J.: 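Before I ask anything, let me first share the structure, which is written out below as structure tokens.
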Amino acid sequence: MTKKLYKNIKILYIEDDEIARENGLEYLENFFENIYEASDAIIALQLYEKHKPDIIITDIQMPKLNGLEFVKRIRQKDKKTQIIIITAFSDRDYLLKAIELGLVKYLVKPVREKEFEEALFLCINA
């Protein structure tokens with residue numbers, strides 16, 4: 001993937017762990033110019049309304065509102081935005097709930113770079 005090809009794509013990245021968020025942002029900046037970040041789903045909902053991202057990348061386990069509830073709220077009015085969940089939880093219940101939300105990928109941490117890149121590529125070419 002090359003940054004020039006994807007400069008118009010807007011990314012919303014939600015991760016409550018500051019170090020993980022910084023690492024994720026650093027990686028995403030290699031490919032995208034328009035990246036909006038949030039440390040929780042409440043802030044992310046505000047950013048979603050303001051910027052209408054093309055791709056959402058979210059954690060599940062977060063304070064205030066978990067990632068699945070966040071995605072459910074997005075899906076109530078938007079079925080098109082591409083969504084990737086990245087989580088430390090491979091719990092069956094989370095996975096089954098996530099499937100119903102029309103995700104592109106459900107990635108379990110630690111995520112390999114190739115796996116993440118493939119998920120982004122699927123989003124871009126959807």
Side-chain angles (χ1 to χ4, degrees):
M1 291 196 310
T2 172
K3 190 171 190 173
K4 290 179 184 167
L5 293 176
Y6 306 118
K7 68 178 184 176
N8 296 324
I9 292 174
K10 294 182 278 187
I11 306 286
L12 175 55
Y13 180 56
I14 309 105
E15 170 62 67
D16 65 317
D17 180 278
E18 189 175 342
I19 294 169
R21 189 172 63 255
E22 287 174 10
N23 289 337
L25 287 170
E26 195 175 302
Y27 179 79
L28 290 168
E29 287 169 349
N30 291 315
F31 308 107
F32 306 99
E33 291 178 7
N34 300 308
I35 305 167
Y36 309 98
E37 64 173 293
S39 58
D40 66 59
I42 303 300
I43 295 168
L45 285 169
Q46 295 166 353
L47 290 170
Y48 168 81
E49 290 298 328
K50 183 176 180 181
H51 300 288
K52 302 293 187 222
D54 302 295
I55 301 171
I56 295 172
I57 303 163
T58 185
D59 191 6
I60 286 182
Q61 204 67 23
M62 296 184 288
K64 301 179 186 174
L65 180 70
N66 79 39
L68 292 177
E69 282 301 314
F70 165 73
V71 173
K72 195 180 292 184
R73 288 188 188 186
I74 298 296
R75 286 293 184 234
Q76 287 172 350
K77 53 187 156 193
D78 176 355
K79 306 280 190 228
K80 292 183 181 179
T81 299
Q82 304 296 300
I83 300 175
I84 299 169
I85 285 185
I86 298 178
T87 182
F89 296 90
S90 56
D91 181 77
R92 186 172 174 251
D93 289 337
Y94 277 139
L95 187 57
L96 292 174
K97 287 176 186 169
I99 288 170
E100 297 171 11
L101 298 172
L103 304 175
V104 172
K105 280 284 184 184
Y106 184 100
L107 302 174
V108 179
K109 295 176 186 176
V111 178
R112 294 187 326 266
E113 188 175 327
K114 183 172 172 37
E115 201 177 22
F116 189 47
E117 201 169 298
E118 286 172 0
L120 287 169
F121 191 75
L122 283 172
C123 290
I124 291 163
N125 292 301

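Computed from a predicted model, the values in this text were never measured in an experiment.
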J.: Can you measure from NE2 (H51) to CD1 (I35) and round to the nearest 0.5 angstrom?
T.: 12.5 Å
J.: Once you round to the nearest 0.5 Å, how far does CG of L12 lie from CD1 of I14?
T.: 4.0 Å
J.: Give me each pair satisfying side-chain hydrogen bond (donor to acceptor under 3.5 Å, both in side chains) with a member in residues 104-113, each pair once, sequence neighbours excluded.
T.: E15-K109
J.: Once you round to the nearest 0.5 Å, how far does CG of L68 lie from CD1 of I60?
T.: 4.0 Å
J.: Would you check if Y27 and F116 make a side-chain contact, meaning some heavy-atom pair closer than 4.5 Å?
T.: yes
J.: What residues, two or more places apart in sequence or in another chain, satisfy ring-ring contact (aromatic ring centres under 6.0 Å, His included) together with Y48?
T.: none
J.: Is there a side-chain contact between I9 and N34 in this structure, where contact means two heavy atoms from C-beta onward sitting under 4.5 Å apart?
T.: no
J.: Can you list everything that forms a side chain to side chain donor-acceptor pair (under 3.5 Å) with K79? Sequence neighbours excluded, please.
T.: none
J.: Looking only at non-hydrogen atoms, find the nearest pair between A41 and M62 and report the distance.
T.: CB-CE, 4.0 Å
J.: Can a donor-acceptor pair be found, under 3.5 Å and without considering hydrogens, that links the side chain of D54 to the backbone of K10?
T.: yes
J.: Check side chain to side chain donor-acceptor pair (under 3.5 Å) between E37 and all other residues, then give those that pass, not counting sequence neighbours.
T.: R21
J.: First locate atom SG of C123, then atom CD1 of I55, and finally report the distance between them rounded to the nearest 0.5 Å.
T.: 4.5 Å
J.: Once side chain to side chain donor-acceptor pair (under 3.5 Å) is applied, do any residues pair with E118, and if so which ones, sequence neighbours excluded?
T.: K114
J.: Out of curiosity, E69 CD to L101 CG, how far, rounded to the nearest 0.5 Å?
T.: 9.0 Å
J.: Holding to side chain to side chain donor-acceptor pair (under 3.5 Å), I want the full list of residues that pass it with D40, two or more places apart in sequence or in another chain.
T.: K64
J.: Indicate yes or no: at least one non-hydrogen side-chain atom of V71 is less than 4.5 angstrom from one of L103.
T.: yes
J.: Side chains of L47 and I43: does their closest heavy-atom pair fall under 4.5 Å?
T.: yes
J.: Can you see which heavy atom on R75 is nearest to which on G102, and at what distance?
T.: NH2-O, 3.0 Å
J.: Are the side chains of P53 and I11 in touch, meaning some heavy atoms are under 4.5 Å apart?
T.: no
J.: Heavy-atom distance under 4.5 Å between the side chains of I74 and L45, does that happen here?
T.: yes
J.: Is the closest side-chain heavy-atom distance between I124 and F32 below 4.5 Å?
T.: yes
J.: Once you round to the nearest 0.5 Å, how far does CG of L107 lie from CG of D59?
T.: 11.5 Å
J.: Around I19, counting heavy atoms of other residues, nucleotides and ligands shown, do more than 12 lie under 6.0 Å from its CD1?
T.: no
J.: Is any side-chain heavy atom of I57 less than 4.5 Å from a side-chain heavy atom of I85?
T.: no
J.: On a heavy-atom basis, which atom in V104 and which in A119 lie closest, and how many Å separate them?
T.: CG1-O, 4.0 Å
